[in-house]
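Below is one structure, written out as structure tokens; comments come after it.
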Amino acid sequence: MNYRSTRNSACQVTAAEAITRGISAEGGLFVPESLPRISPEELASLAGQSYQQKAEFVLSRFLTDFTPEELRACVNGAYTTEKFDSEEISQLAKVGDQTYFLELWHGPTCAFKDMALQLLPYLLTTSARKTAPDEEIVVLVATSGDTGKAALEGFKDVPGTRMLVFYPENGVSAMQKLQMTTQQGENVAVCAIQGNFDDAQSGVKKIFTDPQVLEELARRHQRFSSANSINWGRLVPQIVYYVAAYTSLMEQGEIQPGEEVNVVVPTGNFGNILAAYYAKHMGVPFGKLICASNRNNVLTDFLDTGIYDRNREFYATTSPSMDILISSNLERLLYELCGRDDAVIREWFGQLAEEGVYEVSEEVKEKLADEFWGGFCDDEGAASAIAETFGEYGYLCDPHTAVAVQVYEDYLEATEDPRKTIIASTASPYKFNDTVLAAITDEPVPEDPFAQAEMLARLSGLTPPDSLMALKDRPVRFTGSTAPAGMVDQVKAMLG
Ligand SMILES: *Cc1c(COP(=O)(O)O)cnc(C)c1O
């Protein structure tokens, strides 16, 4: 199986190339040239297998230039019970009669990014051995809060790699910031930027294609790669958990083989929901894909009108990992929906870069309406969803997952769709203690994030994750901060 760039169909590379490069030279994203199919019989036979076995099965369909032994080593290195707090790796929690929370935050950094970023270093180093054996891989990361920590944790002290993470100085929770500024590992660094996630992401994309920087790297036998969801190696592990979740529901007798299940995903960069779309089109019987946004509702408007318009105010919300106005992975979806026409993608994304807006064709609008339903809610809506889910079911969700809960309620009201539904639960509530506490109690909330965690534990009866509580005693290592224009200098400084 080869991969193509969304902006140049003539550019064809192997999976290992796609993963090592991260992004195509002309700025396009790598996509598989066709989607492999999973038959109903294969789905049935996956039911009962371990998460690792399911992962090997899905990955082998996409990474055909990896040997079975290489894939097994990658999967078994990533998904261990040392790193994840249960053998299931991801967990399903049934709440009410027809809703299942797919908890994707049982990894080392307590957000769903671990599902992909524990595996990515293995995929990337295996890929680099095939395509660039003598080069050091320099991974640049722009984070809206969770990717940064998950990437740092995945790549710390991985030989042959270096990493620099940029996060928005005032755009992450106290716990998220501490997670990054106290990161250990000799090959990693972290820098705040005086801007938002979109500034960080645009800055990184620009550095990736800066000829002067690239020349300097080549001289040093280094090359860039990406740990953001623009890297195919981030997306393919995310397809795994949707296949795993569906087959787990079959295993548990919750659904009949072939039964359609909706999926609700709290969305920012469109990576997680795109993985659900891919799983559906490989043969997993998913119904509607419900795209839940916070007040930065550029995707809701896009799904309603077919016009993507980023020229709008940016809001800092209580679900910071979704505070994004440029959803990169939408490009991959639109490439599929417009019949894999790279000229069309170049036109739309050229307009986005120049004017901040583009409009898709009528045909694409119809396809979008067929597959997706979009909704959004503000911070108050998310807070009341946290309170109601906790009050009614004793189930505590984080503010991102709460956005999905609220939008799903709106969806049910609008459609009365009776199908069972998976809600992607993307972070531990303990990463966002202050918001969760404010939603469930009138008691005064302490300032200190660890005192907050203890209070949340007392009120909810849920044990706080050890990995978060351990941050209390870690020294802060990274205090640097830069304007977006200074990012390139930070990169040069890191290179030495
Ligand atoms: C990253 C993130 C999201 C958004 O996921 P995308 O793949 O960017 O759409 C949602 N919730 C949490 C907690 C996240 O960390």
Side-chain angles (χ1 to χ4, degrees), residues 29 90 101-117 120 141-151 153 165 167-168 171-173 175-176 179-180 197-198 200-201 226-232 234-239 241-242 263-279 289-294 296-300 302-303 317-333 372 374 376-377 382 385-386 397-407 423-432 435-436 465 468:
L29 305 184
S90 62
F101 283 91
L102 174 58
E103 295 180 350
L104 300 167
W105 40 264
H106 291 281
T109 77
C110 308
F112 89 90
K113 305 296 198 291
D114 287 326
M115 301 299 296
L117 280 163
L120 183 66
V141 179
T143 184
S144 57
D146 289 325
T147 290
K149 176 61 183 180
E153 203 51 38
V165 170
Y167 72 93
V172 300
S173 80
M175 223 31 131
Q176 287 177 313
Q179 280 187 307
M180 289 186 277
F197 170 74
D198 291 312
Q201 178 163 254
S226 167
N228 282 98
S229 53
I230 54 177
N231 192 323
W232 179 252
R234 263 285 296 275
L235 274 176
V236 67
Q238 296 187 232
I239 299 171
Y241 55 69
Y242 286 111
V263 183
V264 192
V265 185
T267 308
N269 223 2
F270 210 78
N272 200 357
I273 194 165
L274 180 71
Y277 170 88
Y278 282 139
L289 304 174
I290 299 160
C291 176
S293 301
N294 65 22
N296 295 296
N297 59 350
V298 61
L299 285 167
T300 317
F302 174 68
L303 292 173
T317 73
T318 54
S319 42
S321 300
M322 294 154 65
D323 289 346
I324 292 176
L325 292 179
I326 304 176
S327 298
S328 291
N329 277 295
L330 193 59
E331 179 167 343
R332 286 188 163 110
L333 175 72
F372 294 90
F376 78 100
C377 81
I386 294 172
C397 54
D398 93 288
H400 303 75
T401 310
V403 167
V405 169
Q406 185 56 50
V407 168
I423 297 179
S425 174
T426 50
S428 159
Y430 280 100
K431 284 191 102 161
F432 307 94
T435 304
V436 175
L468 293 182

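For reference, positions follow the sequence shown, starting with 1. First listed ligand is number 1; within each ligand, the first listed atom is number 1.
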I need the nearest protein heavy-atom contact for atom 4 (C) of ligand 1: residue, atom name and distance, please. Gly268 N, 3.6 Å

Taking the side chain from Ser173 and the backbone from Lys431, do they hold a donor-acceptor pair closer than 3.5 Å? yes

Looking only at distances, please establish whether an N/O atom of ligand 1 is found under 3.5 Å from an N/O atom of Asp146. yes

Contact (N/O only, under 3.5 Å) between Gly271 and ligand 1: yes

Any side-chain donor near an acceptor of the partner, Tyr277 and Asn329, under 3.5 Å: no

Identify, by atom number and element, the atoms of ligand 1 in contact range of Met322, meaning under 4.0 Å from any of its heavy atoms. 10 (C)

For atom 10 (C) of ligand 1, what's the nearest protein heavy-atom neighbour? Residue, atom name and distance, please. Pro266 O, 3.5 Å

Shortest protein heavy-atom distance from atom 7 (O) of ligand 1, along with the residue and atom involved: Asn272 N, 2.9 Å

Quick one, Ser425 with Trp105, criterion side-chain hydrogen bond (donor to acceptor under 3.5 Å, both in side chains). Give me CA distance, side-chain angles, the key distance, then yes/no. CA-CA 7 Å; Ser425 174; Trp105 40 264; 2.8 Å; yes

Test of proximity, Phe270 against ligand 1: N or O pairs below 3.5 Å: yes

Between Gln201 (side chain) and Ile326 (backbone), is there a donor-acceptor pair under 3.5 Å? yes

Does an N or O from Ser144, backbone or side chain, lie closer than 3.5 Å to an N or O of ligand 1? no

For ligand 1, which atoms have a heavy atom of Thr267 less than 4.0 angstrom away? 9 (O)

Under 4.0 Å between heavy atoms, the region of Phe112 that gets near ligand 1 turns out to be side chain

Checking side chain to side chain contact (heavy atoms under 4.5 Å, CB included) for the pair Lys149/Cys110: CA distance, chi angles, key distance, verdict? CA-CA 10 Å; Lys149 176 61 183 180; Cys110 308; over 6 Å; no

When you look for heavy atoms under 4.0 Å from ligand 1, do you find them on the side chain of Lys431, its backbone, both, or neither? neither

Identify, by atom number and element, the atoms of ligand 1 in contact range of Ala427, meaning under 4.0 Å from any of its heavy atoms. 13 (C)

Using a plain distance cutoff, I'd like to know if His400 has any nitrogen or oxygen under 3.5 Å from a nitrogen or oxygen of ligand 1. no

Approximate separation, where rounding is to 0.5 Å, of Lys113 NZ and Thr147 OG1: 4.0 Å

For the backbone of Leu325 and the side chain of Asn296, can you confirm whether one donor and one acceptor N or O come within less than 3.5 Å of each other? no

What distance separates Asn269 CG from Ser327 OG, expressed to the nearest 0.5 Å? 6.0 Å

Of all the non-hydrogen atoms in the protein, which one sits nearest to atom 8 (O) of ligand 1, and at what distance? Asn269 N, 2.8 Å

Identity and separation of the nearest protein heavy atom to atom 11 (N) of ligand 1: Thr426 OG1, 2.9 Å

Residue, atom name and distance, where the atom is the protein heavy atom closest to atom 2 (C) of ligand 1: Lys113 NZ, 2.4 Å

Could you tell me whether the side chain of Asp146 and the main chain of Ala111 form a donor-acceptor pair under 3.5 Å? no

Ile324, any N or O under 3.5 Å of ligand 1 N or O: no

Centroid separation Trp232 to Tyr278 less than 6.0 Å: yes

Expected output: side-chain Asp323 to main-chain Thr317 donor-acceptor under 3.5 Å: yes

